[in-house]
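When a ligand or atom number is given, it counts from 1 through the structure's own listing order. Everything quoted here is computed from the prediction, not taken from an experiment.
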Amino acid sequence: MNSNKRIIGVVPVGEVPELAPKVIAAHITGYLKLSAEVLTPLDHPAYAFDEMRLQYNAGSILNFFDSSPFDEYDKVIGVLNVDLFVPIFTHVFGEAKQNGKYALVSLFRLTEGKEGYKLPSSLLFERAAKVALHELGHLFNLFHCQDNKCLMHFSGDLEDLDHIPLYFCRYCSAYYQDALSRI
Ligand SMILES: [Zn+2]
Ligand SMILES: [Zn+2]
């Protein structure tokens, strides 16, 4: 086991603010203590567009990742700026396959400020980083946590998201360390 060798790929998918993947990569390194690299952007995911819902199917994008050559990376997170959904929810901030390799985060639903105020981009990026780190937690097989002072607490809306921290509770942190040692 050599945790220094573990690399997370952060891949922009379609048009995203240039800073977003960089900020997410920096948070992965700072909070999860993993190396992270921003990869060459992928094209806009037109294949995932659902004509009925006028949204993008997160599952289709994850399947596309499955067929892409990301061999050098242990985990890969896609960064988007489109309205993502999974069939059971109206929309999602991000998506990951439990204990899998690929995850997504979208800025699309994260831009809303309080009572119509424009959201500062620092808060937008912090939200995106939280969603990204939470989804990466799922890739390391962490489940949702009851503790609302934990990154793995489920966020149903932006208010929830703004309340959770960027770090794991003690329990999830121990689980994460254990998951790292087993990879
Ligand atoms: Zn989750
Ligand atoms: Zn927890």
His144, N/O/S atom nearest the Zn ion (ligand 1): NE2
Donor + acceptor pair across side chains of His138, His144 (<3.5 Å): yes
Whether Phe93 and His91 hold their rings parallel, tilted or perpendicular, with breakpoints at 30° and 60°: tilted
Face-on cation placement of Lys75 at Phe140 ring, 6.0 Å and 45° thresholds: yes
With the Zn ion (ligand 1) as the apex, the NE2/NE2 angle for His134 and His138 - to 10°: 100°
His153 side chain reached by Gln146 side chain, heavy atoms, under 4.5 Å: no
Heteroatom test (N, O or S) for Cys169 near the Zn ion (ligand 2), limit 2.8 Å: yes
Metal-centred angle, the Zn ion (ligand 2) as apex - SG of Cys172, SG of Cys150, 10° resolution: 110°
